[in-house]
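Comments concern the structure below.
The structure presented is a predicted model; accordingly, all values stated were derived computationally and were not measured. Residues take their numbers from the sequence shown, with the count starting at 1.
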Amino acid sequence: MRWVACVAGLAAWFAAVSGGASQAHPDPGALLERLSGSSDVAVVGRVASVIGHPHGPEGQPGIHSLVQVTVEEVLLGPRHRTIGFWIPGGRHGDRMRVLSHQSTFRSGERALVFLRRVEGSLWPTSMLHGKWSVAEREGARHVAVSLGIDRRGPSVSLVEARLRVAAGRPVR
């Protein structure tokens, strides 16, 4: 019973210091627009592979993973059939590197990803916010994009996501 009170106390403290639920889950439409404005590429696709490497593409220390996505739809940037980008962390041989607040990817999952070019390689924009899960809800007619690893974060329809990405594009 004491641990329940302890957990409740920690939850109350976290809500107080983080600004409550409104801070934890920002307005998804506004976030999509901001991501679009600071990204070079935004695509909807299916993860084809996630391959761990002992270091990053420019020699960054620690395990990094190259994620390959089969592109279904380009919302921002040049047309691609497949696109590869890097994330810090992953599995290489019998070693594993896990980073908090970093998106993870699994082969076969569908996602909307926002990417930016850094030193010649693509990386997710804004770490955790750079990946939105894409899943059918209420049958095949409503496809939603959700922020967060567990798909319980804020969500919008894929149609609204397309509109918000277009609204956030910088004029070039």
Fill in the blank from the handout: Rounded to the nearest 0.5 angstrom, the OG-CZ distance for Ser38 and Arg116 is 8.0 Å

Practice task
Determine the minimum heavy-atom distance between Glu160 and Gly29, stating which atoms define it.
Solution key: OE2-CA, 4.4 Å

Completion exercise
Of all heavy-atom pairs linking Ala161 and Leu112, the shortest is CB-CD2, 4.3 Å

Exercise for the section: I would like to know whether Trp132 and Val44 meet side-chain contact (heavy atoms from CB on, under 4.5 Å); could you show each step before the answer? Expected result: CA-CA 9 Å; Trp132 293 64; Val44 175; over 6 Å; no

Practice task
With the side chain counted from C-beta on, respond yes when Leu31 and His129 share a heavy-atom pair under 4.5 Å apart, and no when they do not.
Solution key: yes

Handout entry: Of all pairs that satisfy side-chain hydrogen bond (donor to acceptor under 3.5 Å, both in side chains), the ones with a partner from residues 49-77, not counting sequence neighbours
Key = Glu58-Gln60, Glu58-Ser121, Glu72-Arg110, Glu73-Arg162

Problem - Heavy-atom side-chain proximity of Asp40 to Leu76 below 4.5 angstrom - result: no

Fill in the blank from the handout: Value for CZ (Arg95) from NE2 (His92), rounded to nearest 0.5 Å, stands at 7.5 Å

Practice task
List, by chain and then residue number, the residues other than Phe105 in its hydrophobic cluster (Ile/Leu/Val/Met/Phe/Trp/Tyr, side-chain heavy atoms under 4.5 Å); write none if there are no others.
Solution key: Val41, Val43, Val47, Val50, Val67, Val69, Val71, Val74, Ile83, Phe85, Ile87, Val113, Leu115, Leu122

Completion exercise
Tracing side-chain contacts under 4.5 Å among Ile, Leu, Val, Met, Phe, Trp and Tyr outward from Val98 reaches Met96

Completion exercise
Rounding to 0.5 Å, atoms CZ (Arg46) and OG (Ser107) come to a distance of 11.0 Å

Problem - Donor-acceptor contact below 3.5 Å, side chain Arg117 vs main chain Gly120 - result: yes

Problem - Minimal non-hydrogen separation, Asp27 against Arg164, with atom names - result: OD2-NH1, 4.4 Å

Exercise for the section: With rounding to the nearest 0.5 Å, note down the distance linking CD in Glu33 to CG in Leu35. Expected result: 10.5 Å

Problem - Shortest non-hydrogen separation from Gln102 to Pro124 and the atoms involved - result: NE2-CG, 4.3 Å

Handout entry: Validation row: Trp123, Pro57 side chains within 4.5 angstrom (heavy atoms)
Key = yes

